[in-house]
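Working notes for the structure below.
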Amino acid sequence: MNDESSGHGRFITLEGPEGSGKTTAARHLARWVRDRGIATVLTQEPGGTPLGEEIRRIVLHMRGMSDDLDPRADALLYAAARAQHVARVIRPALERGEWVVCARYLDSSLAYQGAGYGNDPDEMRRLQAFATYGRRPDLTLLLDLPVAVGLERTRRRAEWNRFEDTETAAFFERVRSAYLALAAAEPDRFEIVDASGSVEEADLAIRAIIEPTLASWS
Ligand code: TYD
């Protein structure tokens, strides 16, 4: 795992396609780490700061705007939310020695704005390095599942999201493949979790990963 100099806290991200259960898994993971006596910040992207929450509304929930974003404008909005999040929430917490559990981070932009919307992968990487001040996660859990299973789960969501009207299964297949390629390229940072079963099964798989990691970090 990469142990960067910005404090002693550990930075864990959860990634995955639509409906993979990142939000629930992140909540359970944060609670579990806290139960071990470790101060832990639970957060998500896009969001996590007042600016991030405003950007979240713009990129996801405003009909007529969210579904008509130029791919570069889209990438820059996510990047702006991320920079604010790193500067105001993630980095300060890590510097205090706390842990940060974050649902979605830079890999989401590589997968969605890069592979999904066709922005150049190298430009996306440079943009992420800029937006994150170079802070990469110590561990990334990739919650993987077949696209059709994930989309079926998200149909039950209450709030309109731009993807519902505009994106096809092919788009989400590109996102999933990109995630798997990212995991293959950085096996030290990524762990793949089978997210096609129940919440309990995913939680068990995550704990099985975190136990030895926790031991190796202490
Ligand atoms: P969210 O409601 O958090 O859904 P999920 O439970 O799937 O995480 O919505 C986040 C959406 O934003 C999701 O569809 C992916 C997208 N997204 C990007 O396209 N790029 C990014 O960098 C991030 C953080 C999210």
Side-chain angles (χ1 to χ4, degrees), residues 11 13-29 42-49 51-62 65-86 89-90 100-119 121 123-132 135-137 140-169 171-176 178-179 182 193 195-196 199 202:
F11 182 23
T13 59
L14 292 94
E15 295 280 359
E18 307 300 296
S20 54
K22 293 170 297 300
T23 314
T24 307
R27 202 172 58 236
H28 294 175
L29 173 59
L42 171 63
T43 186
Q44 62 160 8
E45 292 200 349
T49 67
L51 175 71
E53 291 301 330
E54 281 302 308
I55 291 178
R56 179 183 184 87
R57 262 178 3 96
I58 293 170
V59 294
L60 289 176
H61 299 304
M62 294 179 75
M65 189 189 297
S66 315
D67 44 353
D68 185 35
L69 283 170
D70 168 74
R72 292 187 185 204
D74 188 41
L76 289 166
L77 284 165
Y78 280 108
R82 183 159 300 131
Q84 189 76 5
H85 195 207
V86 171
V89 176
I90 297 173
V100 176
V101 172
C102 184
R104 294 194 180 278
Y105 188 58
L106 60 88
D107 301 298
S108 281
S109 282
L110 299 176
Y112 285 77
Q113 280 64 53
Y117 290 112
N119 282 299
E123 287 178 342
M124 280 303 97
R125 275 177 209 288
R126 282 199 295 276
L127 180 60
Q128 298 320 307
F130 180 70
T132 60
R135 198 15 162 134
R136 299 177 74 76
T140 298
L141 301 167
L142 172 55
L143 275 60
D144 181 56
L145 81 176
V147 167
V149 177
L151 289 180
E152 180 55 37
R153 288 181 186 170
T154 62
R155 285 209 187 99
R156 287 168 238 143
R157 272 183 187 158
E159 198 173 8
W160 178 84
N161 152 338
R162 83 194 216 194
F163 296 104
E164 280 168 29
D165 297 345
T166 54
E167 301 314 336
T168 61
F171 171 89
F172 293 112
E173 292 291 354
R174 287 202 299 282
V175 169
R176 184 187 185 200
Y179 270 133
L182 288 166
V193 176
S196 62
V199 171

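Owing to the predicted nature of the structure, the values given are computational and were not obtained by experimental measurement. Both ligands and their constituent atoms are indexed starting at 1 by order of listing. In what follows, residues are counted from 1 in the order of the sequence shown.
With hydrogens left out, the protein atom closest to atom 1 (P) of ligand 1 is R56 NH2, 3.3 Å, a heavy atom. Scanning the protein for heavy atoms near atom 18 (C) of ligand 1, the closest one is Y78 CZ, 3.3 Å. Protein heavy atom closest to atom 5 (P) of ligand 1, with residue, atom name and distance, is R157 NH2, 3.5 Å. The shortest contact between atom 22 (O) of ligand 1 and any protein heavy atom is with S109 OG, 2.6 Å. Given atom 19 (O) of ligand 1, the protein heavy atom at minimum distance is Q113 NE2, 2.9 Å.
Between Y105 and F11, the distance from one ring center to the other falls under 6.0 angstrom.
Using cut-offs of 30° and 60° for the angle between ring planes, the Y117 and F171 rings count as tilted.
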### Message
Go through it in stages, so that I can follow the logic: the residues are D74 and R162, the test is salt bridge (Lys or Arg N to Asp or Glu O under 4.0 Å), and I'd like the CA-CA distance, side-chain angles, deciding distance and then a yes or no.
### Response
CA-CA 12 Å; D74 188 41; R162 83 194 216 194; 2.9 Å; yes
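Interface atoms of ligand 1 facing T23, defined by a heavy-atom separation under 4.0 Å, are 6 (O). Near P46, with a cut-off below 4.0 Å to any heavy atom, the atoms of ligand 1 are 24 (C), 25 (C). Proximity to E45 (heavy-atom distance under 4.0 Å) selects the following atoms of ligand 1: 24 (C).
Here atom 9 (O) of ligand 1 lies nearest to L60 when heavy atoms of I55, T13, L60 are compared. In this comparison of M124, R162, R82, the heavy atom closest to atom 24 (C) of ligand 1 sits on R82.
Of the charged side-chain nitrogens involved, none lies within less than 4.0 Å of a carboxylate oxygen, so that K22 and E15 do not count as a salt-bridged pair.
Q113 and N119 are not linked by any side-chain donor-acceptor pair at a separation below 3.5 angstrom, with hydrogens and angles left out of the test. No hydrogens or angles considered: nothing links the side chains of Y78 and S108 as a donor-acceptor pair under 3.5 Å.
For the atom pair CZ (F172) and CG (L151), the distance works out to 5.5 Å, reported to the nearest 0.5 Å.
Close N/O approach between R104 and ligand 1 is found [any backbone or side-chain N/O within under 3.5 Å]. Among the atoms of E18, some N or O lies under 3.5 angstrom from an N or O of ligand 1.
Shown here for G47 and E53, the closest heavy-atom pair between the two residues is CA-OE2, 3.4 Å.
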